[in-house]
Amino acid sequence: MTARRSLSWSSALQGLRADRIQVPAGFLGARGRIEVAARLGKVVLVKADGSFNRAGIMAAAAAAAKEHQRVYGSTWAVAMSVSLKACWQAARTTRAKVAH
């Protein structure tokens with residue numbers, strides 16, 4: 001007699017969705033604000049030699065965190081966490097574009 005297992009597609013797909021990385025609220029908006037500020041020259045994320053400008057990254061993250069806090073009403077720690085993640089992601093992307 002053959003062994004058969006039944007598969008619940010709804011629970012399998014639910015498990016797959018749960019495994020995806022969740023994007024925090026306001027992350028995409030924070031990244032957009034940071035990228036616009038970098039494009040307009042208000043903040044420099046990457047120095048000319050290709051190294052990260054940590055002071056610029058922190059300044060951009062603080063400005064984005066203030067806006068995040070205003071829009072979402074979150075705590076400063078949550079706002080800075082979201083903004084720093086977005087800022088470092090934008091800085092890595094900028095550095096990759098500059099390097100090539």
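Just so you know, these numbers use all the heavy atoms, side chains as well, and skip hydrogens, waters and symmetry mates.
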Task: Point-to-point distance, once rounded to the nearest 0.5 Å, from CD of Glu35 to CG of Leu28 - done: 10.0 Å

Task: Minimal non-hydrogen separation, Cys87 against Ile57, with atom names - done: SG-O, 3.3 Å

Task: Any donor-acceptor pair under 3.5 Å from His68 side chain to Ala25 backbone - done: yes

Task: Heavy-atom closest pair, residues Ala38 and Leu45 - done: CB-CD1, 4.1 Å

TODO: List for me each residue that meets side chain to side chain donor-acceptor pair (under 3.5 Å) alongside Asp19, sequence neighbours excluded, and say none if there are none.
DONE: none

Task: Side chain to side chain, Met80 and Met58, heavy atoms closer than 4.5 Å - done: yes

Open item on the list: Contact between Ser51 and Val46 at the side-chain level, heavy atoms closer than 4.5 Å - yes or no?
Closed with: no

- [ ] Output yes when a side-chain donor or acceptor of Asn53 lies under 3.5 Å from a complementary backbone atom of Val44, and no otherwise.
- [x] yes

TODO: Kindly give the cluster partners of Leu40, where membership spreads through any ILVMFWY side chain lying under 4.5 Å from a current member.
DONE: Val36

- [ ] Working to the nearest 0.5 Å, report the span between OG1 of Thr93 and CD1 of Ile34.
- [x] 11.0 Å

TODO: If a pair satisfies side-chain hydrogen bond (donor to acceptor under 3.5 Å, both in side chains) and one of its residues is in residues 77-91, list it, with sequence neighbours excluded.
DONE: Arg31-Gln89

Task: Exam field: side chain Gln69 to backbone Ser74, donor-acceptor pair closer than 3.5 Å - done: yes

Open item on the list: Let me check something: do Trp76 and Leu84 share a hydrophobic cluster, defined by ILVMFWY side-chain heavy atoms less than 4.5 Å apart, either directly or through other members?
Closed with: yes

